[in-house]
Every structure is written in structure tokens, then in C-alpha cells.
There are 2 protein chains.
Amino acid sequence: MGISKIDLFTDEQNTIAMLLKALAHPARIAIIEHLLKVNSCICGELVNELPLAQPTVSQHLKELKNAGIIKGSIEGNTTCYCIDKDTMNTIEEYFSQISKKLKNPENKCC
Amino acid sequence: MGISKIDLFTDEQNTIAMLLKALAHPARIAIIEHLLKVNSCICGELVNELPLAQPTVSQHLKELKNAGIIKGSIEGNTTCYCIDKDTMNTIEEYFSQISKKLKNPENKCC
DNA sequence: TTTTTATATTGCAATATTACGATAATGATT
DNA sequence: AATCATTATCGTAATATTGCAATATAAAAA
């Protein structure tokens, strides 16, 4: 046996895990879905939409932004957030490829 | 203002967040990718593939199984794990719909 | 039946996440 | 300038996650 256990995880694995972690909370899913629904940028009305206090919403927005899933641009004393399409497409493609592989008839198990 | 803040998150939002949380770790991404690569079921060799101790791998497998992302069937004293295609397709469709909405030309922002 | 092999569980320490009140920062309004 | 409105940050408590050594469980092999 031995060998292996040497290299840790790949950059790609770390990146996709980081992105999914940013989305892995119902409040952050709700933020994304709201951004999709209004079909444009949005700012503080999220606080009214979500069952969370303003600092908590702000914190979730920060996490989404740090992960690169949303972008925020300051406009006066409000901030306009929107989904980063490139990042979202990266995630979509990742799962799309997984699904494609799973459709392979050679993949017979369980 | 007022109103809202009454209902918490929807079942769908909680479900997708739960699924993504299960995947939101490089070790668990690596497990999924390995299951895809060998194109069939797998068991304890994951311990040799991952830079983690056996109890840790077992714990990650348990989390993936609890979330419904993989299935495990006992065969003798080994356990055969494989990806649950239905669950993975659910996730894939979720992001597919998001991407579709983002491709809408009306969606102009940032 | 003893031993070995494969996997799961327990217990625990280190760390991370979540939520929010209090407060700060900054632009807009008066 | 003083006040208001919007958003961010700090501090902190409660909880969750991660990793692993030690141990348990259970089937297979000897």
C-alpha cells in the first residue's frame, strides 16, 4: 500500500468546494434566488426579504462576494449586488460534466 | 416595511443548501471525482487515495450518504459506495436553470 | 475459534460558522 | 452642520465541522 497520501487536494477540488460552501446555506440560496427573480441588481431590500437581521444579511453577502459568486458595486450609500455569471457558469459546467459521465451506460453500479 | 420576516426558508432552499453543504469540502469532492473516475462502485481504497485517516474518510462517506449523494451497500466486510444519480441530477438541474436564467438578455446588471 | 481485514463509532480538541446587538462609516437630506 | 438612511464591521455567544487516536463491530481467512 503506502505511496499516495502525499499530495493533498487539487486546486480545482479546493476551488469547487469553496464555491459550493459559499452557496451551502439556505439564506445564501435565498439571496441568489432573489437576485435571479428581480432579474437585476439589488441592495438592502434583501433585509426585508430574509428572516434575518441586517448584519447577518450583510455577512452572507460578504461571503458570497468573497467567493466570487456575486459582485457588488457601491452607488451612493447603497450597494448594488448581482450574480457573477462567469462563476455561476463554472459551477453549472462542473455539474453538467458530472451528469454527462453518469449517463454513460458503462456506469453501472448499485 | 414590516411584513415578511415571518416565513423562514422554503423546503427547496433548505434541500439544495443541504446537498451543497455535503459537497462543500475538498475531500468529499475528491471522493465524488474518484467514484466518477473508476466508473463503478468503490470501497476502502478511498483511504489510500485521500490524504486522510480512515475514520475521517469514513465520516465523510457518512455525510455524503446521509445527504443522499452517494449510496452504500454492504458486501461481506467491505462496503460498496456509488453516486446517487438522481440526487446528482437534481443538483445539475438546479444550476442548469440558474444558468438559463442568467443567459436571458433582459438580465443586464453590473 | 482465533486472527485478520474492512469499516464504523466514540470521544475529544481545534477550528469555523452563524447570528445578532452595538457601533462605525459614509453618502443623502434637511 | 445636523440628521437620517444604508451598509459594514466588531465583539461575542452558541453551535457545527473537521480530524484523528482509540476502540468497536462484523465478516473472512487461517
Side-chain angles (χ1 to χ4, degrees), chain A residues 1-2 4-6 8-9 13-14 17-32 34-35 41-67 69-82 110, chain B residues 1-2 4-9 13-14 17-32 34-35 38 41-67 69-82 110:
Chain A
M1 35 167 171
S4 70
K5 287 210 177 185
I6 301 168
L8 289 176
F9 306 105
Q13 288 168 340
N14 286 320
M18 179 274 288
L19 291 174
L20 297 184
K21 186 149 124 187
L23 289 171
H25 190 289
R28 298 196 287 269
I29 289 291
I31 288 173
I32 294 299
H34 188 73
L35 286 174
C41 297
I42 197 74
C43 49
E45 74 192 68
L46 279 165
V47 175
N48 291 322
E49 290 288 328
L50 302 181
L52 296 169
Q54 179 269 323
T56 310
V57 174
S58 183
Q59 189 175 286
H60 283 305
L61 287 168
K62 188 180 177 185
E63 283 180 62
L64 287 169
K65 194 179 170 192
N66 283 343
I69 288 173
I70 64 174
K71 293 184 283 191
S73 58
I74 297 171
E75 293 186 1
N77 63 345
T78 70
T79 306
C80 172
Y81 284 108
C82 68
C110 297
Chain B
M1 35 165 172
S4 69
K5 286 210 175 183
I6 301 168
D7 34 353
L8 289 175
F9 306 105
Q13 288 169 339
N14 285 321
M18 178 273 289
L19 291 174
L20 297 184
K21 186 150 127 189
L23 289 170
H25 190 288
R28 296 196 287 270
I29 290 290
I31 288 173
I32 294 300
H34 188 73
L35 286 174
V38 299
C41 297
I42 196 76
C43 50
E45 75 193 68
L46 279 164
V47 174
N48 291 322
E49 289 289 327
L50 302 181
L52 297 169
Q54 179 268 325
T56 309
V57 174
S58 183
Q59 190 176 284
H60 283 305
L61 287 168
K62 189 181 177 183
E63 282 179 62
L64 287 169
K65 194 179 170 191
N66 284 344
I69 288 173
I70 63 175
K71 293 184 283 190
S73 58
I74 297 170
E75 294 186 1
N77 63 345
T78 72
T79 307
C80 172
Y81 284 107
C82 66
C110 297

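Note that the structure is predicted; figures quoted are calculated from it, not measured. By convention in this document, chain letters (A, B, ...) are assigned in the order of the sequence lines, proteins followed by strands, and residues within each chain are numbered from 1.
- The structure places CD1 of B/I69 at 11.5 Å from CG of B/L35, a figure rounded to the nearest 0.5 Å.
- For the pair B/N66 and B/E63, the minimum side-chain heavy-atom distance is 4.5 Å or more.
- Side-chain nitrogen and oxygen atoms of A/K21 include at least one within less than 4.0 Å of the OP1 or OP2 phosphate oxygen of C/dT17.
- The CD1 atom of B/I74 sits 9 Å away from the C1' atom of D/dA26 (whole-angstrom rounding).
- Put simply, the side chain of A/R28 gets close to the backbone of A/K21: a donor and an acceptor are under 3.5 Å apart.
- Residue A/L52 contributes atom CG, which lies 14 Å from atom C1' of C/dT17 at whole-angstrom precision.
- Note on ring orientation: taking the six-membered ring where Trp is involved, the planes of B/H60 and B/H25 are tilted (angle from 30° to 60°).
- Taken from CG in B/L64 to CD in B/Q59, the straight-line distance is 11.5 Å, to the nearest 0.5 Å.
- Using a 4.5 Å heavy-atom threshold, the side chains of A/L61 and A/V57 count as touching.
- In this structure, B/L50 places its CG atom 15 Å from C1' of C/dT7, rounding to the nearest Å.
- The distance from atom CG of B/L23 to atom P of D/dT17 is 14 Å, rounded to the nearest whole Å.
- Whole-Å rounding puts the B/M18 CE to D/dA16 P distance at 16 Å.
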Readout for nucleotides 2-15 of chain D: B = base within 4.0 Å of protein heavy atom, S = sugar-phosphate only, - = neither; 5' to 3' it is ---BSBBB------
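- Residue A/H60 places none of its side-chain N or O atoms closer than 4.0 Å to OP1 or OP2 of C/dT17.
- In this entry the distance linking CG of B/L8 with C1' of C/dA19 reads 13 Å, nearest Å.
- Across the protein-nucleic acid pair, B/N66 atom CG and D/dT18 atom C1' stand 16 Å apart, rounded to whole Å.
- Between the CD atom of B/E75 and the P atom of C/dT5 there is a distance of 20 Å, given to the nearest Å.
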